[in-house]
Amino acid sequence: MNDPTLHAPEETWWKDAIFYQIYPRSFADSNGDGVGDLGGIREKLGYLELLGVDALWLSPVMRSPMADHGYDVSDPRDIDPLFGDLAVMDALIEEAHVRDIKVTMDLVPNHTSDQHPWFIAALESTPGSPERARYIFRDGKGDGSEPPNNWPSIFGGSAWTRVTDSDGRPEQWYLHIFAPEQPDLNWTNPEVAEDLAKTLRFWLDRGVDGFRIDVAHGMAKPAELHDMNLELNTLMKNDDDDPRFNNEGVHEIHRGIRKVMDEYPNRVTIGEIWVQDNERFGDYLRPDELHLGFNFRLAEADFDAATIRDAVTNSLAAVARVDGTPTWTLSNHDIEREVTRYGGGIRGTGRARAMLLLELALPGTVFVYNGSELGLPNAVLPEDVLQDPVWERSGHAERGRDGCRVPLPWESPAPPFGFSTSSDTWLPIPPDWAPLTVEEQLEDVDSMLNFYRTAFELRELRPEFSGSGVDWYGSPPGCLAFRRQGGLICALNATDAAIPLPPGELLMSSAPLVDGQLPADAAAWLV
Ligand code: GLC
């Protein structure tokens, strides 16, 4: 067994954990409806244990009309029938715990679904009513026919939708930073915080180990909803000075969440915080706010040594001021898969392997998106199957995120590759993924899957993976190398030619050495 003193104590197990993000629609389908579900995850717990992950993050499984595939929640304290029910969720938590795997859930506090009973009541009520006060309703500009301000939705189009009164006459507008089916909550209303506390306790009492908090830099809106500088708006991204996000009031909301979390031992919150400025990023991780925050710098970095080094240095600096834990991620359900980002094909796959070694060599918490361990590329999908609301709302200018959300290939030589018994899967699986199935890859010692397993195992067992910082080594141009205090050395070659390795004993490399040298697009661990 591994030496427990090498790892974070149980109270702060998340400080060096490997989280595995499951996009439940696409992981495994147990009931043959073509959509993944909780039963499917239960059936694959053995696989997750074999892979060697410490914790799961489930993208939303609460009740939802699925306008944004679960990120539009109509009942935050129930499981959507598409995914199962509370009994299956309870069983999943229990069985995961038996295998020593924690379970964290996505929480969506910035908005609800437009089918949430609160929003239905708000529409049936009049301006100024307590029902409307749970959301952000405003009168329109001028004669009321213009939206209250110029804010765009992150998914395209206006962030405001006009409602009609009981006689069908146009009336107030409501704010939705995302799709119109995702009305923003009014966090200055204490009822909203009280309801979230109820939701937190509901799941924590069932044994959930924590939450990934969606749009954790949202929630608070400026009191005056002034127009914004539209140059700050880019589809699916936001600038630090964008008034729709990062308002000071958000920190009080996190303090409230943390108070509830602290009633329960050993739990964790991970915020989705799109913040560039290191000081502002660190603010979210003060001791009475979030435990962890996603840092997306590595996922945004090209495969270029200077850019990668800069991303690492910045991510470490962002948490250092508040003594926080760094986090690393190469992809998730919102971004293009890394194999494709790094150039696709053999090259993209090789670079993705190299980046995994880099990420696992760093101090802190690692988040792996389901399918990365199979080396899946982004799928190129025909337009008529696209489902992401971004596709429609951008007027078909942006294809959206479906390409990284295609179901996982498990076994057999043809779609649906054991993902489902139905061939009509919610997104089609490319037939050329046959060599990428779990079944195929388990057989092949050099596969991406076995590479992940070995790397996870070494990170778990070897004492050299310790120490809270990194010391950079001098390295040839286009390369980087650093050392952990425990003695691990990680070298990465982003040039086109092989380079000599730093001195040390080779623990693992992402590609076979060539005459003792580290080839192009590869990384190595030495001790
Ligand atoms: C977050 C989620 C994304 C979702 C959005 C709205 O950015 O990661 O998938 O569409 O919030 O909830």
Side-chain angles (χ1 to χ4, degrees), residues 19 21-27 57-74 76 80 104-116 119 135-136 151-157 159 161 175-185 187 196 199 211-219 221 233-239 242 244-246 250 269-275 284 290 292-296 299-300 327 329-337 367 369-371 378 386-394 398-406 426-427:
F19 281 76
Q21 180 192 358
I22 292 186
Y23 197 66
R25 297 179 78 81
S26 300
F27 189 67
W57 148 30
L58 309 182
S59 278
V61 289
M62 289 102 163
R63 257 189 204 267
S64 163
M66 305 285 164
D68 188 20
H69 296 141
Y71 285 96
D72 49 318
V73 178
S74 56
D80 194 275
T104 65
M105 297 176 85
D106 225 308
L107 195 71
V108 190
N110 179 68
H111 43 266
T112 69
S113 157
D114 64 343
Q115 300 304 309
H116 189 291
F119 195 71
Y135 294 91
I136 304 178
W151 289 8
S153 147
I154 287 284
F155 290 164
T161 291
L175 179 71
H176 51 86
I177 299 292
F178 296 89
E181 295 88 352
Q182 294 165 298
D184 280 59
L185 285 161
W187 271 89
L196 184 75
T199 300
F211 303 98
R212 177 265 189 185
I213 302 184
D214 189 61
V215 202
H217 62 318
M219 280 106 87
K221 308 292 182 303
N233 179 55
T234 36
L235 213 59
M236 295 302 298
K237 276 190 99 164
N238 62 271
D239 185 277
D242 183 329
R244 297 171 298 176
F245 301 95
N246 282 311
V250 79
T269 50
I270 310 123
E272 183 200 22
I273 38 183
W274 289 94
V275 188
Y284 286 87
L290 289 162
L292 294 172
F294 278 103
N295 196 313
F296 297 107
E300 289 179 322
T327 62
T329 187
L330 296 177
S331 55
N332 65 29
H333 64 298
D334 292 329
I335 41 190
E336 194 173 45
R337 284 193 176 276
F367 292 85
Y369 178 47
N370 61 194
N378 245 54
L386 296 181
Q387 305 201 19
D388 186 350
V390 170
W391 171 240
E392 285 304 327
R393 291 200 48 88
S394 68
E398 296 284 333
R399 295 176 73 86
R401 302 160 289 177
D402 293 320
C404 68
R405 297 174 173 179
V406 168
W426 79 279
L427 287 172

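Order of appearance sets the numbers: ligands from 1, and atoms from 1 within every ligand. Below, all heavy atoms of this structure are taken into account, side chains as well, without hydrogens, waters or symmetry copies.
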Distance under 4.0 Å to a non-hydrogen atom of [X]: what atoms of ligand 1 satisfy this?
X: His111; result: 6 (C), 12 (O)
X: Gln182; result: 6 (C), 12 (O)
X: Arg401; result: 3 (C), 4 (C), 9 (O), 10 (O)
X: Tyr71; result: 2 (C), 4 (C), 9 (O), 12 (O)
X: Arg405; result: 9 (O)
X: Val215; result: 11 (O)
X: Glu272; result: 1 (C), 7 (O), 8 (O)

Charged N to carboxylate O under 4.0 angstrom, Asp334 versus Arg405?
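Yes, Asp334 and Arg405 are salt-bridged.
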Taking only Lys NZ, Arg NE, NH1 and NH2, and the carboxylate oxygens of Asp or Glu, determine whether Asp68 and Arg401 approach each other closer than 4.0 Å.
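Looking at Asp68 and Arg401, the cut-off is met.
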Taking the six-membered ring for Trp, are His333 and Tyr71 closer than 6.0 Å centroid to centroid?
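Ring centres of Tyr71 and His333 closer than 6.0 Å.
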Considering the options Tyr284, Trp57, Tyr369, which one meets the ring pair (Phe, Tyr, Trp, His ring centres under 6.0 Å) requirement together with Phe294?
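The single option meeting the ring pair (Phe, Tyr, Trp, His ring centres under 6.0 Å) with Phe294 is Trp57.
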Any idea how [X] and [Y] line up, ring-wise: parallel (<30°), tilted (30 to 60°), or perpendicular (>60°)?
X: His217; Y: Phe245; result: parallel
X: Tyr23; Y: Trp426; result: tilted
X: Trp274; Y: Phe296; result: parallel

Which residues share a side-chain hydrogen bond (donor to acceptor under 3.5 Å, both in side chains) with Asn332, sequence neighbours left out
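Expected list: none.
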Does any N or O of ligand 1 fall below 3.5 Å from an N or O anywhere on Trp274, backbone included?
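No - when backbone and side-chain N and O of Trp274 are compared with those of ligand 1, no distance drops under 3.5 Å.
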Which residue from Val73, Asp334, Asp214 reaches closest to atom 11 (O) of ligand 1 through any of its heavy atoms?
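Heavy atom nearest to atom 11 (O) of ligand 1 belongs to Asp214.
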Min heavy-atom dist Arg212 to ligand 1 below 4.0 Å:
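The answer is yes: ligand 1 sits under 4.0 Å from a heavy atom of Arg212.
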Any heavy atom of His69 sitting closer than 4.0 Å to ligand 1?
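Judged by the 4.0 Å heavy-atom criterion, His69 does not count as contacting ligand 1.
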